[in-house]
There are 2 protein chains.
Amino acid sequence: MLQLTKRTEYGLLALVHLADREGAVASVREICERYPLPKRTLAEVLKDLQHAGLVESTRGSSGGYTLARSPLRVTLGDVVRALEGAPPLTTCESPIVLKGGGCEVQPNCPIRSPIQRVRERLWQLLEHTTLHSLVSGAPHVSLGALGAVESHR
Amino acid sequence: MLQLTKRTEYGLLALVHLADREGAVASVREICERYPLPKRTLAEVLKDLQHAGLVESTRGSSGGYTLARSPLRVTLGDVVRALEGAPPLTTCESPIVLKGGGCEVQPNCPIRSPIQRVRERLWQLLEHTTLHSLVSGAPHVSLGALGAVESHR
DNA sequence: GGCAATTAGCACCTTTTGAGTGCGCTTTGG
DNA sequence: CCAAAGCGCACTCAAAAGGTGCTAATTGCC
Ligand code: SF4
Ligand code: SF4
């Protein structure tokens, strides 16, 4: 399905919150006070984001999370990659489905390569949506990028 | 998850097959002989495509399906819409989740509107990928899309 | 007319995936 | 020492997707 998971949504909300209080640590509890999210699940998400290097954590009594990079250098793509893995789009490129030896159609699949291209475009779209463009709602997606790709053909 | 369903994949394969034999009817059996797909499921998919007006069906002994429109006028977006419904991206815009009264964060959700924009871009990406661009693998995605809109449609 | 092939419709079961929670451990400031 | 916070793992529960059974309805062909 073409839909972000709730985990990704939670992660984005958390990141936005962190972006607001620049530098200051924010605990899971604090975020949950602002947005009514399931505390534990959000904690899992933050942990994954920490693993991916998007946030830094401080443990202990007055601990919490802070952004690891500037909101300008955190993209939707980063978040999705951290929380869902790279979007496969097609089932064949999914790292999981390689169990059964992959898709049987693959040898003569007419749609594989074209869909691959669509996938790349989608990926670019995500990669060029910065966290900053989310907080400062205005300047939306920053898509000079996608235009550029088109022109060099 | 950011992934097309298998149903969509099956649908695309079927449509490509139909595009090859221009005008000639192709039965489910015939398609399954070319690609090793579960016959019954593919039948369901074709039926849905028929409902959406993407293909026309002829019943009876030598029946089957034909394309309802030129491959130039069938887009990936059409197929996805027919087989998965419009991509919600966010859980709030999903037609289903409106059961529980919607998202509780919504009143002061900082990411809703920005993600909405991303969703629109994604939708455009799908809408401007024609079936023709899939069969004649070459001219990839026809992405004047995101800037200048293509002539067809 | 009868038969075989094919689509139509609906309901059901199975598998997979995602969401959420239990529980104990570790760290750290007061 | 203690309370508050993050860490790690594994587990349950619910929803979605994938797939199948069965029974019509239609139509070409013998
Ligand atoms: S090879 Fe083709 S049919 Fe098989 S999973 Fe990839 S895109 Fe789909
Ligand atoms: S309102 Fe915001 S948090 Fe709630 S579902 Fe929509 S995007 Fe997600």
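Quick note on labels: first sequence line is chain A, next is B, and so on, each numbered from 1.
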Spacing between [X] atom [atom1] and [N] atom [atom2], to the nearest angstrom:
| X | N | atom1 | atom2 | result |
| --- | --- | --- | --- | --- |
| A/Glu9 | C/dG18 | CD | C1' | 13 Å |
| A/Gln3 | D/dA16 | CD | P | 9 Å |
| A/Lys39 | C/dG22 | NZ | P | 13 Å |
| A/Leu49 | D/dG6 | CG | P | 13 Å |
| A/Leu18 | D/dG6 | CG | P | 11 Å |
| B/Ile31 | C/dA5 | CD1 | P | 18 Å |
| B/Asp48 | D/dG19 | CG | P | 14 Å |
| B/Leu46 | C/dA8 | CG | P | 8 Å |

Single-linkage hydrophobic cluster A/Leu42~A/Tyr35, side-chain heavy atoms < 4.5 angstrom: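 Yes.
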Is [Y] close to [X] at the side-chain level, that is, under 4.5 Å between some pair of heavy atoms?
| X | Y | answer |
| --- | --- | --- |
| A/Asp20 | A/Arg34 | yes |
| A/Arg69 | A/Asp78 | yes |
| A/Pro114 | B/Thr129 | no |

For [N], does OP1 or OP2 lie under 4.0 Å from any side-chain N or O of [X]?
| X | N | answer |
| --- | --- | --- |
| B/Arg7 | D/dA17 | no |
| A/Arg29 | D/dA4 | no |
| B/Tyr10 | D/dG19 | yes |

Residue whose closest nucleotide on DNA chain C lies nearer the 5' end, A/Pro38 versus B/Tyr65: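 The residue whose closest nucleotide sits nearer the 5' end is B/Tyr65.
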Heavy-atom protein contacts under 4.0 Å, nucleotides 8-14 of chain D, coded B base, S sugar-phosphate only, - none: BB-----
Under 4.0 Å protein heavy-atom contact, by nucleotide of nucleotides 24-30 of chain C - B base, S sugar-phosphate only: --BBBS-
Exercise: do B/Arg119 and B/Gln116 side chains pair donor with acceptor under 3.5 Å: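 Yes, side-chain donor-acceptor contact under 3.5 Å.
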Any donor-acceptor N/O pair, A/Asp48 side chain to A/Val45 backbone, under 3.5 Å: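 No, because the side chain of A/Asp48 does not come within donor-acceptor range (under 3.5 Å) of the backbone of A/Val45.
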Identify every side-chain donor-acceptor pair in residues 52-63 of chain A under 3.5 Å, counting partners at least two apart or on other chains, and give the distances.
from    : atom 1 : to      : atom 2 : distance (Å)
A/Thr58 : OG1    : A/Gly64 : N      : 3.3
A/Thr58 : OG1    : A/Gly64 : O      : 3.3

Evaluation steps, salt bridge (charged side-chain N to carboxylate O under 4.0 Å, His left out), between A/Lys6 and A/Glu9: CA-CA 5 Å; A/Lys6 288 189 179 179; A/Glu9 229 172 85; over 6 Å; no
Closest non-hydrogen atom pair between A/Val118 and B/Leu125, with its separation: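 So the minimum-distance heavy-atom pair works out to O-CD2, 3.9 Å.
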Selection from D/dC7, D/dG19, C/dA19 that lies nearest to any side-chain heavy atom of A/Thr5: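 Selected nucleotide: C/dA19.
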Sugar-phosphate, base or nothing in reach of A/Ser27, heavy atoms under 4.0 Å: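 Sugar-phosphate, backbone atoms only, no base.
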